[in-house]
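Just the heavy atoms: all of them, side chains too, but no hydrogens, waters or symmetry mates, feed the values below. Labels below follow one simple rule: chain letters A, B, ... track the order of the sequence lines, proteins then strands, and each chain is numbered from 1.
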Amino acid sequence: MLDEQVSEQQFYVKGEPLFTIFHNEAEQFSIVKIRIHETNTSFEESEIVIKGYFANLHEGTPYLFYGELESHIKYGTQFAVHSYKTFIPDTKEGLISYLSSDLFYGVGKRTATRIVNKLGERAIEKIVHSPHVLNDIKGLKSETAKNIVERLKENQGFEQVAIYLAKYQVGMKLAQKIYQNYKDEAIEIIATNPYQLVFDIEGFGFKTADMIAQKNGLTYDHPSRIGAGCIYVLQQSAKNGHVYLPVDLCVNQVQKLLLTGNDKLSEEEIIHCFNELNTEKHIIIQEERVYLPVLYYAEDGVASHLKRLLDHPIEDETPKAELLKIIGEIEEEEVLSYGKEQFEAIDKALHSKVMILTGGPGTGKTTVIKGIIKAYAMIHDLSIDITAYDDKADYPFVLTAPTGRAAKRLTESTGLPAATIHRLLGWDGDDSFERDESKPLTGKFLIVDEFSMVDIWLANWLFKAIPNQMQVLLVGDEDQLPSVGPGQVLSDLLEHKAIPFVALTEVYRQKEGSKIIQLAHLIKRDQLQVEDLNKDRDFSFIPCNESQVIQVISSIIEKALQKGIDMKDIQILAPMYRTEAGIMMINRHIQQVVNPKTNRKREVKMNDMTYRVGDKVIQLVNQPEEGVFNGDIGEVVAIFKENENVDKKEQLVVSFDEREVVYERKDYMNLMHAFCISIHKSQGSEFPIVIMPIVKGYRRMLRKNLIYTALTRAKRSLIICGEKQAFLQGVKTVDTNKRFTSLTEKMNKLQNVVEDENDEEELSPYDFMD
DNA sequence: TTTCGTTC
């Protein structure tokens with residue numbers, strides 16, 4: 001950000017904005033065309049597109065942008081800006097022409113010269129810092145002086161804030177939010193009461209505030225500190241999945257957090273602070289529960305929007321006989337026959353305003369989704385082919401999922417377009433979406449896959465955007481890992497009995513007698529015994545301790561490869577990255593076994609990782625333009641040296657199924673080795689052979705749903721190696737900390753309230769939300 | 001201790 005931090009290798013583009021291509025108001029994100037004055041990048045044209053978080057850039061004013069080139073598949077080469085500043089000349093002549101430019105109305109060459117002569121080469125800095133230095137300039141009207149200061153501040157306000165915050169590792173995006181909120185007062189507020197930012201700026205944490213406070217010599221008895229600490233405790237608990245905290249637990253944690261030396265805050269002091277925060281709506285206390293407002297209103301929103309949808313039942317009821325006929329036709333077309341549960345699921349989904357479909361892997365959720373879509377189309381005489389609709393908004397089916405990969409899979413399995421929920425709703429990149437009750441989704445039938453991954457905040461935005469007449473199907477597996485964000489929406493909705501649901505339990509994919517499926521069921525029902533781990537046709541447990549894990553996995557894989565099994569079909573799954581038997585170490589060693597260094601194989605080094613032709617790798621971010629998504633697994637198929645291609649860049653080519661993606665050095669961080677991947681990342685994928693180490697060293701991660709998720713990834717065969725005790729302990733551990741949520745309760749209440757007082761007008765708590 | 005999502 002600062003000059004002194006600008007190393008020689010840092011790339012810059014100096015130039016002036018020509019016009020704005022795209023601007024996102026919510027987070028001040030812009031894409032702008034720039035005329036290049038000078039650059040140390042390899043870019044040779046005279047104009048370039050830059051993108052980043054900018055306050056309003058002035059056309060015609062020179063700026064210095066720091067960042068790096070990136071190649072966008074659709075828009076070509078662009079410059080991603082990490083930081084920037086108005087370019088202020090550092091010579092007297094330059095300064096004079098800068099000050100006498102059109103930017104400063106009323107300042108001519110003569111006045112500019114006087115200013116520079118008087119104030120020197122750091123004139124601008126001095127003016128911004130203490131405007132009164134302009135008082136003594138001969139011939140400068142006070143009005144003009146005021147203009148200069150305002151223009152400079154306007155131009156530099158954000159830059160100053162960004163520079164100030166960079167010292168505390170606060171990036172451009174957050175700096176932009178802070179500047180938009182406080183404008184010129186930003187630095188003053190940050191320096192005197194950083195705790196205020198915890199309340200006002202989403203994403204600004206207590207720890208940062210505490211650090212800034214310390215550096216600015218503020219003491220621990222700052223009046224805003226307890227309140228900020230309370231918000232922090234709630235934010236942390238949200239990270240652990242909780243929607244609220246019970247009051248006593250919250251008090252306790254605040255006490256622990258704010259403990260300085262032996263000085264413990266009294267419970268009374270903290271409760272007093274809670275009440276104040278409650279009055280100011282910084283937190284919401286209800287029935288001995290403490291909520292962050294966003295989460296409180298999100299939960300309320302989900303409950304009332306579901307209620308709203310359920311209050312608008314679907315009208316046309318297809319007679320059973322007709323449905324039977326239609327489903328028969330579909331079975332013929334698809335060459336399959338639906339099981340009893342599957343038929344029930346299709347039938348119920350077609351007749352329900354909102355339905356939940358659950359089921360583990362292999363129970364045919366996708367088959368049922370396809371059946372529902374086809375049957376719906378036939379009943380309503382609609383085309384499934386999107387090209388048959390002139391206006392895409394008329395397309396009746398809306399398919400979505402919480403992750404890019406899940407959306408892609410949904411597209412592949414149904415042949416229909418699907419998008420992430422974020423894309424569907426038009427995320428603004430910050431804390432809201434384009435689609436809501438005033439601009440709802442279009443279409444007739446909404447299908448949300450992998451619903452167990454949807455948190456309470458996203459669920460609220462999704463339901464908010466569903467119009468009254470739209471039919472909804474939520475699909476998920478409640479035994480898998482809970483959402484990253486707070487809440488357990490799927491489980492809570494299932495708990496609330498008023499929403500129709502069908503649970504698919506019959507496994508079609510694996511033959512009866514599959515030990516893998518049997519183990520999954522035993523774990524689900526908490527009935528697993530040590531003798532259930534005995535060897536079977538598709539299962540084995542190889543006992544070993546933590547330090548032997550890697551050796552055991554290596555020899556399993558060596559044997560498998562000798563038998564001619566493809567490494568593509570073998571997936572190692574582990575719960576965590578570090579530790580002796582963690583993902584990092586496993587990858588490092590398995591690479592040597594599966595794809596060792598040879599003279600002929602090319603390789604590149606990145607930090608302490610070596611990527612070699614033939615390596616199995618996993619993509620870590622969505623790149624929808626290139627059809628690659630977070631979690632996709634591929635293989636390094638080629639490495640090009642700098643002198644071997646027109647771009648003069650080292651390149652690594654990864655093949656994902658049919659698709660090949662080219663990575664330059666700076667993109668390597670979007671990749672990781674994938675001989676072993678985390679169980680979390682494996683969610684939603686399946687592999688013929690799964691090798692799963694389980695040792696006590698993983699204990700903080702070992703939980704029932706994690707192990708269940710891992711072992712249900714295996715289609716053909718499962719090999720566990722490690723300590724039986726750790727495994728048995730793990731499957732007994734139900735989510736170490738139960739999530740505090742009140743969605744079910746809110747829905748039950750809402751149902752009763754409306755039943756009792758039919759004419760009562762409905763509350764809309766989300767009126768308060770922005 | 002793990003983990004998600006955009007904009008031309």
Side-chain angles (χ1 to χ4, degrees), chain A residues 19-34 48-54 70-80 173 176 203 236 238-241 400-408 419-435 448-459 461-462 480-489 573-579 582-584 618-625 629-631 672 677-684 697-703 705-707 709-710 730 733 735-737 739:
Chain A
F19 57 90
T20 299
I21 296 167
F22 172 85
H23 180 70
N24 176 334
E25 193 58 35
E27 48 169 15
Q28 298 294 320
F29 174 81
S30 301
I31 299 171
V32 181
K33 185 83 149 193
I34 298 290
I48 192 167
V49 173
I50 64 161
K51 55 183 179 184
Y53 300 92
F54 304 114
E70 58 177 44
S71 52
H72 193 286
I73 196 158
K74 206 155 130 199
Y75 306 111
T77 303
Q78 304 187 322
F79 192 70
K173 189 169 171 177
Q176 203 46 268
Q236 285 305 109
K239 276 190 190 158
N240 290 326
T400 190
T403 67
R405 240 174 86 71
K408 180 173 144 191
T420 61
I421 298 176
H422 288 77
R423 222 172 233 250
L424 178 72
L425 300 179
W427 189 32
D428 76 350
D430 195 25
D431 58 6
S432 69
F433 291 85
E434 188 192 340
R435 298 284 184 169
V448 191
D449 200 5
E450 296 287 5
F451 193 70
S452 63
M453 297 178 175
V454 176
D455 65 31
I456 192 72
W457 181 79
L458 188 58
W461 279 101
L462 177 63
Q480 286 203 38
L481 299 165
S483 57
V484 170
Q488 41 189 20
V489 185
L573 299 178
M576 54 207 278
Y577 287 94
R578 290 174 229 298
T579 79
I583 296 165
M584 300 294 200
I618 182 167
Q619 167 81 13
L620 300 174
V621 293
N622 285 353
Q623 284 172 225
E625 306 283 354
F629 295 87
N630 185 353
M672 227 174 66
I677 64 171
S678 74
I679 296 173
H680 276 85
K681 282 229 170 287
S682 77
Q683 170 140 262
Y698 302 150
R699 66 184 132 356
R700 26 184 346 136
M701 285 296 292
L702 292 180
R703 262 161 286 146
N705 52 6
L706 189 89
I707 296 175
T709 301
T733 312
D735 215 341
T736 34
N737 36 0
R739 293 187 169 195

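Closest of all the heavy-atom pairs between A/G429 and A/K173 is O-NZ, 3.2 Å. Shortest non-hydrogen contact noted between A/A26 and A/D428 is CB-OD2, 3.0 Å. The shortest heavy-atom contact between A/P482 and A/N705 is CD-ND2, 3.4 Å. Nearest heavy-atom pair across A/S432 and A/W457 is N-CZ2, 4.5 Å.
Among the protein residues, A/Q78 comes within range of the nucleic acid bases, having at least one heavy atom under 4.0 Å from a base atom. Residue contacts for A/K681: at a heavy-atom cut-off of 4.0 Å it reaches the sugar-phosphate backbone alone, with no base atom in range. The residue A/H72 sits close to a base: some heavy atom pair falls under 4.0 Å. In this structure, A/D455 reaches neither bases nor backbone, as no heavy-atom distance under 4.0 Å exists between it and the strands shown. Across all strands, A/F433 comes closer than 4.0 Å to no nucleic acid atom at all (heavy-atom distances). Note on A/M701: a base of the nucleic acid sits closer than 4.0 angstrom, heavy atoms only. Nucleic acid contact for A/G426: none, since no nucleic acid atom lies under 4.0 Å from a heavy atom of the residue. Using a 4.0 Å heavy-atom criterion, one finds that A/Y577 contacts the sugar-phosphate atoms exclusively. Nucleic acid contact class of A/P575 (heavy atoms, under 4.0 Å, all strands): sugar-phosphate only.
Evaluated for a side-chain contact (heavy atoms from CB on, under 4.5 Å) with A/S682, the options A/L481, A/I618, A/I677 yield exactly one hit, A/I677.
Side chain of A/R739 to backbone of A/G487: a donor-acceptor contact under 3.5 angstrom is found.
Between A/K239 and A/G429, it is A/K239 whose nearest contact on DNA chain B lies nearer the 5' terminus. For the pair A/E70 and A/R405, nearest-nucleotide mapping onto DNA chain B gives the more 5' position to A/R405.
From the 5' end on, the contacts that DNA chain B makes with chain A at under 4.0 Å to a non-hydrogen atom open and close at B/dT1 to B/dC8.
Ring to ring, A/F54 and A/H23 are not that close: their centroids are 6.0 angstrom or more apart.
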